[in-house]
Chemist: 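First, the structure itself, so that you have it in front of you.
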Amino acid sequence: MSTPQAFAIPEFETLYRDYTAFAVKYVSQQDPEKGQLLAKAFANESELLAQSTQAFLIKRIAEIREQNYWALQQFRKFVTESDMVDLLALQYGLKRQVIEPGDDSVFPAKPPKLESNEDLLRRFDLAPYQFHTTGTRAGYKFHALTLDERPRITIEPEPNAVVMRFEFSDIERPVPIKDAVARMLEPNSGKVTVAILSRETPDGTASQALIDRVSNYMNRDDIAQESDEITVKSASPKSYKIEATLFTGAEPGNDISNDEALQAAWDFAEKSHRLEGRIDRLELGHEFYQLGVKRVAIAQPTADVVCDWDEAPHCVEVVINVRAE
């Protein structure tokens, strides 16, 4: 999606022409002779008045660019600043999750590891499905990813009153769910299986404690559909290896380091570590070409790695050879 026209940055020449024309017209209404002198001054770029006006307009364009940037941060499509992502997520009452707890017993204190912008925005995109009255796949996915965030609501009668109680869980409790997918394997049976990908282990395998925690939460009366029977299981890792040779052609413009290529490969593997993930050899090659290499030869994987709904691709090793051939 391109930037809306409302946030377009005016060209310097157009803005200069409009501002000077307005200034000349305004002065001419009071004194036509001064208006003519002003027009000549603006037309001569060596005049101090023309140079100072140009400087002001350059600053004005920079201000417009900054104002547009912050205005666009209010929209899901363009938001990138962490604070604005947090503010946007609050529309659905979502807060950034704690992935790993902090440690105040050491010096310097270790801050908690928080959910990334990408993961929080993914939950934001899924949030509307929580309001559906039927058990949608996206709805169950949202609830699994927002583990323990919904408060328990109880209504208790008291003399001359009805008390509604909202009980929230400990918000500092880590949420190690990386991904989740729900499927009804037997059509029209109401038996829904939710596969979860965990951050507890490198390959995404979930512990029994996490499976029980997700199951207890998903089977709450205010989350599970009345007609559904929900079971939770761990994702199954599908291992693969990345081995590639990058050719620079001995050209300075194509030169990259082995560390850069390794980091790009691991970043690609991490981004692809999702349920129903796919390791596309062409996409992997594109990641390397973006580094500026001249040619890429991928030895492994020998074919695309395609995962089922309850499987996730897991990279076990990355081997990169950078050659100047």
Chemist: Indicate if Y289 and F268 have the same hydrophobic cluster label, given that clusters are the connected sets of ILVMFWY residues with side-chain heavy-atom separations under 4.5 angstrom.
Modeler: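 Yes; tracing contacts between hydrophobic side chains, which count when under 4.5 Å, links both residues.
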Chemist: Can you list the steps and then say if E167 with T154 is a side chain to side chain donor-acceptor pair (under 3.5 Å)?
Modeler: CA-CA 8 Å; E167 184 177 351; T154 57; over 6 Å; no
Chemist: Who pairs with R278 by side chain to side chain donor-acceptor pair (under 3.5 Å), at least two apart in sequence or on another chain?
Modeler: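 Partners of R278 under the side chain to side chain donor-acceptor pair (under 3.5 Å) test: D304.
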Chemist: How long is the span from the CZ atom in F247 to the NZ atom in K294, to the nearest 0.5 Å?
Modeler: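 One finds 11.5 Å between CZ of F247 and NZ of K294.
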Chemist: Nearest 0.5 Å please: distance from the CZ atom of R123 over to the NE2 atom of H143.
Modeler: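 If I round to the nearest 0.5 Å, the distance is 12.0 Å.
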Chemist: Taking I99 as the starting point, is it possible to reach F124 by hopping between hydrophobic residues whose side chains are less than 4.5 Å apart?
Modeler: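 Hydrophobic grouping puts F124 apart from I99.
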Chemist: Could you state the interatomic distance from CD (Q73) to CE (M84), rounded to the nearest 0.5 Å?
Modeler: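 Answer for the CD-CE pair, Q73 versus M84, is 6.0 Å.
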Chemist: Can you tell me if K34 has over 12 outside heavy atoms packed within less than 6.0 Å of its NZ?
Modeler: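 Open: at most 12 neighbouring heavy atoms sit under 6.0 Å from NZ of K34.
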Chemist: Would a distance-only check, ignoring hydrogens and angles, find a side-chain to backbone donor-acceptor pair under 3.5 Å from E311 to D308?
Modeler: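 Such a contact is found between E311 side chain and D308 backbone.
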Chemist: Can you see which heavy atom on F288 is nearest to which on A244, and at what distance?
Modeler: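 So the minimum-distance heavy-atom pair works out to CE1-CB, 3.9 Å.
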Chemist: Apply side chain to side chain donor-acceptor pair (under 3.5 Å) to residues E317 and Y240 and explain how you reach the verdict.
Modeler: CA-CA 8 Å; E317 185 182 4; Y240 68 96; over 6 Å; no
Chemist: Provide the closest heavy-atom pair for V232 versus S215 in the form atom of the first, atom of the second, distance.
Modeler: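 Minimum heavy-atom separation between V232 and S215: CG2-CA, 3.6 Å.
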Chemist: If you draw a 6.0 Å radius around CG in D103, do more than 12 non-hydrogen atoms from other residues or ligands fall strictly inside?
Modeler: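 Check passes, neighbour count above 12.
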Chemist: Honestly curious: do V163 and F166 fall in one hydrophobic cluster under the side-chain, below-4.5 Å linking rule?
Modeler: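 No.
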Chemist: What pairs with D222 under side-chain contact (heavy atoms from CB on, under 4.5 Å), at least two apart in sequence or on another chain?
Modeler: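 Expected list: R150, R220.
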Chemist: Run the side-chain contact (heavy atoms from CB on, under 4.5 Å) test against D18 and tell me which residues pass, sequence neighbours left out.
Modeler: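 By the side-chain contact (heavy atoms from CB on, under 4.5 Å) rule, D18 matches T14.
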Chemist: Anything under 30° is parallel, anything over 60° is perpendicular, the rest tilted; go ahead and classify H314 against H273.
Modeler: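 The rings of H314 and H273 sit tilted, inter-plane angle from 30° to 60°.
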Chemist: Just to verify, what does K191 make a side chain to side chain donor-acceptor pair (under 3.5 Å) with, not counting sequence neighbours?
Modeler: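 With sequence neighbours excluded, K191 shows a side chain to side chain donor-acceptor pair (under 3.5 Å) to no residue whatsoever.
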Chemist: Using the rule that two of Ile, Leu, Val, Met, Phe, Trp, Tyr join whenever any of their side-chain heavy atoms come within less than 4.5 Å, decide whether V306 and L282 are in one cluster.
Modeler: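 V306 and L282: separate clusters.
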Chemist: Between Q130 and A127 (side chain of the first, backbone of the second, donor and acceptor by atom type, cut-off under 3.5 Å), is there such a pair?
Modeler: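 Yes; judged by distance alone, with no hydrogens or angles, the pair exists.
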Chemist: Q67: what forms a side chain to side chain donor-acceptor pair (under 3.5 Å) with it, not counting sequence neighbours?
Modeler: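 For Q67, no residue satisfies side chain to side chain donor-acceptor pair (under 3.5 Å) once neighbours in sequence are set aside.
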Chemist: Please report, to 0.1 Å, the donor-acceptor pairs under 3.5 Å made by any side chain of residues 201-213, with sequence neighbours excluded.
Modeler:
unit_1	atom_1	unit_2	atom_2	d
T201	OG1	D203	OD1	3.1
T201	OG1	G204	N	3.4
T201	OG1	T205	N	2.9
T201	OG1	T205	O	2.8
D203	OD1	T205	N	3.1
D203	OD1	T205	OG1	3.0
D203	OD2	T205	OG1	3.3
S207	OG	E200	OE1	3.2
S207	OG	E200	OE2	3.0
S207	OG	L210	N	3.2
Q208	NE2	D212	OD1	2.9
R213	NE	D148	OD2	2.8
R213	NH1	P174	O	3.0
R213	NH2	D148	OD2	2.8
R213	NH2	P174	O	3.1

Chemist: How close do A180 and K141 get, counting heavy atoms only, and between which atoms?
Modeler: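 Closest approach of A180 to K141: O-NZ, 2.8 Å.
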Chemist: Is it the case that atom NZ in K113 sees more than 12 heavy atoms from other parts of the structure closer than 6.0 Å?
Modeler: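 No, because the 6.0 Å sphere around NZ of K113 holds 12 heavy atoms or fewer from other groups.
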Chemist: Which atom pairs, one a donor and one an acceptor, fall under 3.5 Å between side chains of residues 42-50 and the rest of the protein, sequence neighbours left out?
Modeler:
unit_1	atom_1	unit_2	atom_2	d
N44	OD1	S46	N	3.1
N44	OD1	S46	OG	2.6
N44	ND2	S46	OG	3.3

Chemist: At their closest point, which heavy atom of I61 faces which heavy atom of E11, and how far apart are they?
Modeler: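 Answer, listing the atom of I61 first, then E11: CD1-C, 4.5 Å.
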Chemist: Tell me the closest heavy-atom pair linking L88 and R76, and the distance in Å.
Modeler: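 Scanning both residues completely, I find the closest heavy atoms to be CD2-CA, 3.7 Å.
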Chemist: Just do the side chain to side chain donor-acceptor pair (under 3.5 Å) check on S82 and N117 with the steps written out, would you?
Modeler: CA-CA 6 Å; S82 295; N117 288 345; 3.3 Å; yes
Chemist: When you look at V192 and R183, which way does the side chain to side chain contact (heavy atoms under 4.5 Å, CB included) test go after all the steps?
Modeler: CA-CA 6 Å; V192 178; R183 288 290 186 273; over 6 Å; no
Chemist: Check the pair Q263 / D267 against side chain to side chain donor-acceptor pair (under 3.5 Å), numbers first and verdict last.
Modeler: CA-CA 6 Å; Q263 187 61 50; D267 288 345; 2.8 Å; yes
Chemist: Roughly how far, to the nearest 0.5 Å, is CG of D228 from CE of M218?
Modeler: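 The distance works out to 9.5 Å.
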Chemist: Which pairs of donor and acceptor atoms, one on a side chain in residues 20-30, lie under 3.5 Å apart (sequence neighbours left out)?
Modeler:
unit_1	atom_1	unit_2	atom_2	d
T20	OG1	Y16	O	2.7
T20	OG1	R17	O	3.1
S28	OG	V24	O	2.7

Chemist: Within a 6.0 Å radius of atom CZ on F56, are there more than 12 heavy atoms belonging to other residues, nucleotides or ligands?
Modeler: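 At most 12 heavy atoms, drawn from other residues, nucleotides or ligands, come within 6.0 Å of this atom.
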Chemist: How far does CD of E81 sit from CH2 of W70, to the nearest 0.5 angstrom?
Modeler: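 Those atoms lie 4.0 Å apart.
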Chemist: Should I279 and W266 be regarded as members of a common hydrophobic cluster, given that ILVMFWY residues are connected when their side-chain heavy atoms come within less than 4.5 Å of each other, either directly or indirectly?
Modeler: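 The answer is yes; both residues are in one hydrophobic cluster.
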Chemist: Just grab all the ring-ring contact (aromatic ring centres under 6.0 Å, His included) pairs involving residues 177-224, residues at least two apart or on different chains.
Modeler: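 Of all non-adjacent pairs touching residues 177-224, none passes ring-ring contact (aromatic ring centres under 6.0 Å, His included).
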Chemist: Side-chain contact test, heavy atoms from C-beta onward, threshold under 4.5 Å: evaluate it for S257 versus V322 and give yes or no.
Modeler: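 Answer no - side chains too far apart.
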Chemist: Test salt bridge (Lys or Arg N to Asp or Glu O under 4.0 Å) on R199 and E115 and set out the steps.
Modeler: CA-CA 12 Å; R199 291 187 173 96; E115 183 179 24; 5.9 Å; no
Chemist: Mind checking what makes side chain to side chain donor-acceptor pair (under 3.5 Å) contact with R60, not counting sequence neighbours?
Modeler: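 Once residues adjacent in sequence are excluded, R60 has no partner under the side chain to side chain donor-acceptor pair (under 3.5 Å) criterion.
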Chemist: Restricting to side-chain contact (heavy atoms from CB on, under 4.5 Å), what partner residues turn up for R274, sequence neighbours left out?
Modeler: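 Expected list: D119, R122, K178, D179.
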Chemist: Taking R281 for its side chain and P301 for its backbone only, find out whether a donor-acceptor pair lies under 3.5 Å.
Modeler: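 Pair found, side chain donor or acceptor close to backbone of P301.
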Chemist: Can we say K95 and D86 salt-bridge, meaning some charged N sits less than 4.0 Å from an Asp/Glu carboxylate O?
Modeler: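 No, this pair does not count.
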Chemist: How far does CD of E156 sit from CE of M164, to the nearest 0.5 angstrom?
Modeler: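 Between atom CD of E156 and atom CE of M164 there are 11.5 Å.
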Chemist: By the rule that ILVMFWY residues connect when side-chain heavy atoms come within less than 4.5 angstrom, directly or transitively, which residues belong alongside W309?
Modeler: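 Direct or chained contacts put W309 with V181, L185, L197, L275.
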Chemist: Using a 3.5 Å distance criterion without hydrogens, assess whether the side chain of E243 forms a donor-acceptor pair with backbone atoms of N321.
Modeler: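 Pair absent, no side-chain N/O of E243 close to backbone of N321.
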Chemist: Which heavy atom of I242 sits nearest to which heavy atom of A265, and what is that distance?
Modeler: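 Taking I242 first and A265 second, the nearest heavy atoms are CD1-O, 4.0 Å.
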